[in-house]
Each structure stands twice: as structure tokens, then as C-alpha cells.
Amino acid sequence: MEAENELIRVRKEKLAALRQLGVEPYGGRFERTHSTQEVICNFESLEGREVALAGRLMAVREHGKATFADLHDQAGRIQLYVRLDRVGEAAYRIFTQLLDLGDILGVRGTVFRTRRGEISVEVGDFNLLCKSLRPLPEKWHGLKDVDLRYRQRYLDLIVNPEVRQVFFTRAKVLKAVRAFLDRRGFVEVETPTMHTIAGGAAARPFITHHNALDLDLYLRIALELHLKRLLVGGIEKVYEMGRIFRNEGISTKHNPEFTMLELYHAYADYHDMMDLLEEMVAFVAQEALGTTKVEYQGEVLDLTPPWPRITMLEAIKKYTGVDFAPLSQEEARRAAEGLGLELEPGLSRGKIINEVFEAAVEPHLIQPVFILDYPVDISPLAKKREDNPEFTYRFEAFIAGRELANAFSELNDPLDQRERFEAQLRERAAGNEEAHMMDEDFLRALEYGMPPAGGLGMGVDRLVMILTDSPSIRDVILFPTMRPREDGDSHK
RNA sequence: GCGCCAGUAGCUCAGCUGGUAGAGCAGCUGACUCUUAAUCAGCGGGUCGUGGGUUCAAAUCCUACCUGGCGCACCA
């Protein structure tokens, strides 16, 4: 318990005083006729009529025998006008002396427009629906302290209306993604979040324990392997949008739990996935924002399809001038070092190429672009290119210098898949904690036969960041992971 | 994990090279019946993130720790 400060004490005294007067400070049901927004939008027809509104009292301007106040609800704000000669002495005294900023009220009154032109409600009577005991952050500057904003998101939402807007946009994005895929015949499924084998991506998992089975379980790091089992089972167009968990560092682009969309389309390939992704992102932007040109951190991003498609090797050549295609592993290493990279010993040719790409190319990929044909040794679930088995039919989509999506023509050769897993196991044995685990049941499924398919994974949070001009992933996650604090402020 | 920066009233912030804490908003008292960051007059409010140290004296200097931000690393 924290020490009670004077401001809280005063509010508790008002609470007691209200009860003394027979006013219940925690009301129940209140029937609204309109939202604040509706009153303002429909002023013409509502002028002079009675409305009932509810919301939080966010400002009070007292003028002796008349008082103005601001009432906020989910969609907006409206001014209240309270006159002593209309509400009566007792009610007026309650309004001006026993209410506080932050209290939740139901009001009934008459819609009118003030001399200065502001649409307002002249209050006839009001009900206290909830007495607020804690002082709110400042009305003008709001809540700036990012630590408090994330830990006490409810406060952030109360005083920073633009934050609420971000999460309304997020809701529209989720809805639009589902609408887009549903319309194309994709089936939405839910697969386990607790896995006995954490597969489908290169990442460290969280571990938890099931008591009755006395079994350690991993929180999922990807959706991939279960969704592909569904392809085996005959579901030809399938998707899941859900939370995944990776036991990694936290940054402006990484939260330990985040939302991933994965979809699989039987008999398609990665070219189909490119078509689908660019159309989906454009559709979602149109639905959520009404445009496919969005401003992100001062750059205008044009999400309108088609997006350019360029192979990884071509992209490297374009941004570094070096063509890695003909280089041997040793030559590639020297070329990378010539570009200023420091490389661990023993990296394969494919990994060296990927390092060069990440360091020299990624930061330049501001406008949406597809990067094609990733090296096979960093793509253990993707089908090899027929014309060059060192590379795969895999692409990543980049926007604003970061990866938005990852997709490939899915590997459906069970023998090849087993070899890839075995290569991953060798990496694990060599100390790479993020290398894939062997998944015998997944291999068994492939042995029954999985149709060739295109598969796609997209970071939903990152898309929301772009569409809401948010610099940090924490701005688009309501309750981001934070280290707990002893005073009990935290949520995690 | 490493580096840099920050933490002062409920909130937003000021406080120079050490001299014992200040403003605005919010709160309280009073005035005011069309204000809107209402206005005017007055009042109260602080373990200066935490613990050590230096000093006659520390919000200020040193140090360790806590929390956060940003960058790097890790990471798709």
C-alpha cells in the first residue's frame, strides 16, 4: 500500500459526504440515448431536445451560479452547462463541491448551442456513476512518462485520446485481414499455443510445465508446423492469427509476445504469396485508413500494388556493387569483410550472404519491396530452387527498413525435410540455441503427403505500427511486457 | 548483455560551477450565470528513484543498485 496523499484523502472525504447526503457514489445501469459524438453530429435535429449521456468528467469551469464542464466518452467530448436555477441548490452544490475530475457521470439535459457556438448540453439532472479517488494527469500536457503510459495503460487511454485511436485502428486491421482472407475462402483455425516441440522458426522459446502430465511444454514460437499438418489433413486454404512467444530481447521492434498471421494455400507457390500479400496490405490500409499511401515517421510509404520484386543477390549487388553469385565461400567472406563486416568464423556461404544483406541492404528498403530467393541454410522449411539448390523459393517483404512478412514455397519432400532438420540439430549441438528442433510427428505427416503450397507469415504488430505511424511496437500493444515494480504498478 | 541519457509535488517541468526546493496544471478557501488551457485573490502539498561516500553543508559531486528511454548486440 502506498502512503495516501492529500489529494486522495480529500476525494475519500467527498465520497463520505456524498453518502451522508444519500447519494450512492457507485451507480448502476444508466440508459444513454446518444453518445457525445452523436449529439454533435446530429445537432440540427437534436437542438432543444432532451438527451441522456454518460462519460467521464474531464474539466470543470466554475462561474459562480453556472458551471461549464467537459464530459468525455469513448468517441469524443461534449460540453455540459449546469445552472443553479435549473438543477436546484442541492444538486448544484454536489456538482461544484463534491464531484472531481475523473468522476463518471450520467447526465440528462437539453441540447443547445452557446453564444460562442459550442454545442452543449444544459444539464437537468445527473447521476454519479463512479467516484474517482485518484487525481488524473494534467489536462494540457497529458501523461508523457512512457514508463507510466505502458504500465498504467488505462491512464494513457483516459488522457491521451490519440492512443485510443491507435487501438481502434488496430482492431480495424485485424478485422480487415480476416475479411480479406475469409472472402478468398481461407479457413481460420486455432492451433495449440503450448507445444512439446517449439518449431517453425529460429527462436528461443519460453518453457512452462503441465502438472498433471508432469510435462515441460514450450510456448509456441510460430504457427507453421501445425498449419502444415492441416494441409496434410486436406484443409487447402488455412490461416491463423494469434499470439506467439519468443524468449528474446525487447526493443522498439520486438515484444516477447506478439501477433502473427500465418496462412497456407495448397497448390500455390511463393509468387502467389507475393500477389496475395501486396493485395492484402493494400486492402487493409484502405479499410483501416481509407488510403494506401501512409506517412510513417516522416516518409510517405506507397503500399499500392504491385511492389518491386528483386532477388537477394541482385539487391546486394545494387546496394554494395558486389556480385556474390560467382564467389566461393572464402571469396564471399573476403568480400563481406571488404564491406566492413565482422564475421564469426565458420559461416557458410549462405549465411555470409545473409549477413551482407542485413547489414548493407535492409536499412535502405523503405518503400515496400519483395526480396526473393534466400539461401537454403537459413531456410530449413522452404523448397529448394530447381535451378540452384543453394537457394530457396523464399521471399521476405520489407517496409520502412524492416521485415514485414516471410513466405515460401513450402518444402513438402519428407526426406529433404529430414535432412534439413538434421542439419539444424548439428547447429544446435554446435551451440546455436535458436536452431530448429527435430519434429518426428511433423515428418510423419509429410510422409503421408502434403500438397505443394505457398505459405506466408506476417507480423501483425509491425503492420499496425506502419498504419498508425508508431515508432515503437509498444505503442501498438496495449500492455507491453515490462519488468515488474515493487509498488504493484505492473501488469506482468 | 554493453554503451549513452533520464528519474525533483498527483501530472508537465525549472533548479548554472555545492549553501538547505520552485512554477504551471490539479487540490483547498473565497468571488463570479455563456466559459472553454475560464478569470481574479489567498492557502496547503516534496523520503529530490534507493543505499553508501566526500563535505561544515548534497537535488547538485563520487559510487553501487533500481526503473525506464534510445542505440548496439541478440533477434526475422
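Here is how names work: the chains are called A, B, and so on, in the same order as the sequence lines, proteins then strands, and each is numbered from 1.
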- Check step by step if side-chain contact (heavy atoms from CB on, under 4.5 Å) holds for A/R309 and A/L372. CA-CA 7 Å; A/R309 304 178 182 192; A/L372 281 62; 3.9 Å; yes

- Between A/E262 and A/Y264, does a side chain to side chain donor-acceptor pair (under 3.5 Å) hold up when you go through it step by step? CA-CA 7 Å; A/E262 286 196 29; A/Y264 293 86; 2.6 Å; yes

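Figure legend: cation-pi geometry between A/R113 and A/F43, with NZ or CZ positioned under 6.0 Å from the six-membered ring centre and within 45° of its axis.
Remark: A/Y239 OH to A/L263 CG distance equals 9.5 Å, nearest 0.5 Å. Atom CG of A/L129 is separated from atom CZ of A/R56 by 11.0 Å, given to the nearest 0.5 angstrom.
Taking 4.0 angstrom as the limit, A/R483 places none of its side-chain polar atoms (N or O) nearer than this to OP1 or OP2 of B/rC66. Side-chain nitrogen and oxygen atoms of A/R134 include none within less than 4.0 Å of the OP1 or OP2 phosphate oxygen of B/rC11. Not one side-chain nitrogen or oxygen of A/R11 sits closer than 4.0 Å to the OP1 or OP2 atom of B/rC28.
Taking the C1' atoms as reference points, B/rC48 lies 4 Å from B/rU8, given to the whole Å. Here, B/rC56 and B/rG69 have their P atoms 41 Å apart, quoted to the whole Å. Look at the C1' atom in both B/rC62 and B/rC2: the space between them is 22 Å, to the nearest Å. Across the C1' atoms, B/rA58 and B/rU47 are found 15 Å apart, a figure rounded to whole Å. For B/rA73 and B/rU60, the P atoms lie 35 Å apart once the distance is rounded to whole Å. Between B/rC25 and B/rC65, the two P atoms lie 41 Å apart (nearest whole Å). Taking the P atom of each, B/rU29 and B/rG45 are spaced 16 Å apart, rounded to whole Å. B/rU12 and B/rG53 have their C1' atoms separated by 33 Å, with the value rounded to a whole Å.
Here the P atom of nucleotide B/rC72 and the CD atom of A/E248 are 16 Å apart, to the nearest Å. The separation between A/N5 atom CG and B/rA26 atom P is 16 Å, rounded to whole Å. One atom, CZ of A/R474, and another, P of B/rU67, lie 15 Å apart when rounded to the nearest Å. Note: CD1 (A/I158) to P (B/rA26) measures 17 Å, nearest angstrom. Atoms CZ (A/R149) and C1' (B/rG7) sit 17 Å apart, rounded to a whole Å. In this structure, the CD1 atom of A/I8 is 18 Å from the P atom of B/rA26, given to the nearest Å. The nearest whole Å value for the distance from the CD1 atom in A/I473 to the P atom in B/rC75 is 17 Å. Rounded to a whole Å, the CG atom of A/D145 is 8 Å from the C1' atom of B/rG7.
The residue A/G459 sits apart from the nucleic acid: no heavy atom pair falls under 4.0 Å. A/E434 comes within 4.0 angstrom of the backbone, heavy atoms only, and of no base. As judged by a 4.0 angstrom heavy-atom cut-off over every strand, A/Y374 is placed among the base-contacting residues. The residue A/L84 sits apart from the nucleic acid: no heavy atom pair falls under 4.0 Å. Nucleic acid contact class of A/N354 (heavy atoms, under 4.0 Å, all strands): base. At the heavy-atom level, A/I378 lies under 4.0 Å from base atoms of the strands shown. Within 4.0 Å of A/T252, counting heavy atoms only, lie sugar-phosphate atoms of the nucleic acid but no base atom. Residue contacts for A/R246: at a heavy-atom cut-off of 4.0 Å it reaches the sugar-phosphate backbone alone, with no base atom in range.
Residues satisfying the ring-ring contact (aromatic ring centres under 6.0 Å, His included) test with A/F357, not counting sequence neighbours, are A/F398. With sequence neighbours left out, A/H271 forms a ring-ring contact (aromatic ring centres under 6.0 Å, His included) with no residue at all.
Each of A/F258 and A/I250 was assigned the nucleotide of RNA chain B with the nearest heavy atom; the assignment lying further toward the 5' end belongs to A/I250. Between A/V10 and A/L143, the one whose closest nucleotide on RNA chain B sits nearer the 5' end is A/L143.
Using a 4.0 Å cut-off between a side-chain N of Lys or Arg and a carboxylate O of Asp or Glu, A/R402 and A/E362 do not qualify as a salt bridge.
No hydrogens or angles were tested; on distance alone, a donor-acceptor pair under 3.5 Å links the side chain of A/D85 to the base of B/rU33.
Looking at the side chain of A/Y81, the nearest of the listed nucleotides B/rU67, B/rC34, B/rC74 is B/rC34. The side chain of A/K65 has B/rU33 as its nearest neighbour among B/rU33, B/rG68, B/rC13. Among the nucleotides B/rG10, B/rU35, B/rC74, the one closest to the side chain of A/H254 is B/rC74. When distances run from any side-chain atom of A/D147 to the nucleotides B/rG69, B/rG10, B/rU67, the shortest one goes to B/rU67.
Relative orientation of the A/F421 and A/F442 rings is perpendicular, given thresholds of 30° and 60° on the angle between their planes.
Pairs engaging residues 89-109 of chain A under the ring pair (Phe, Tyr, Trp, His ring centres under 6.0 Å) rule: A/F95-A/F126 [sequence neighbours left out]. Residue pairs meeting the side-chain hydrogen bond (donor to acceptor under 3.5 Å, both in side chains) criterion with at least one partner in residues 241-252 of chain A, sequence neighbours excluded, are A/R243-A/E257.
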- Item | Protein-to-nucleotide contact annotation, 5' to 3' order, nucleotides 36-47 of chain B [B base; S sugar-phosphate only; - none; under 4.0 Å, heavy atom] | BBB-----BS--

- Note on the structure: Writing each nucleotide of RNA chain B 5' to 3' as (, ), [, ], | or . by Watson-Crick or G-U pairing under 3.5 Å yields (((((((..((((.....[..)))).(((((.......))))).....(((((..]....))))))))))))....

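For A/R49, the CZ atom counts as loosely surrounded, since its 6.0 Å shell holds 12 or fewer non-hydrogen atoms of other residues, nucleotides or ligands.
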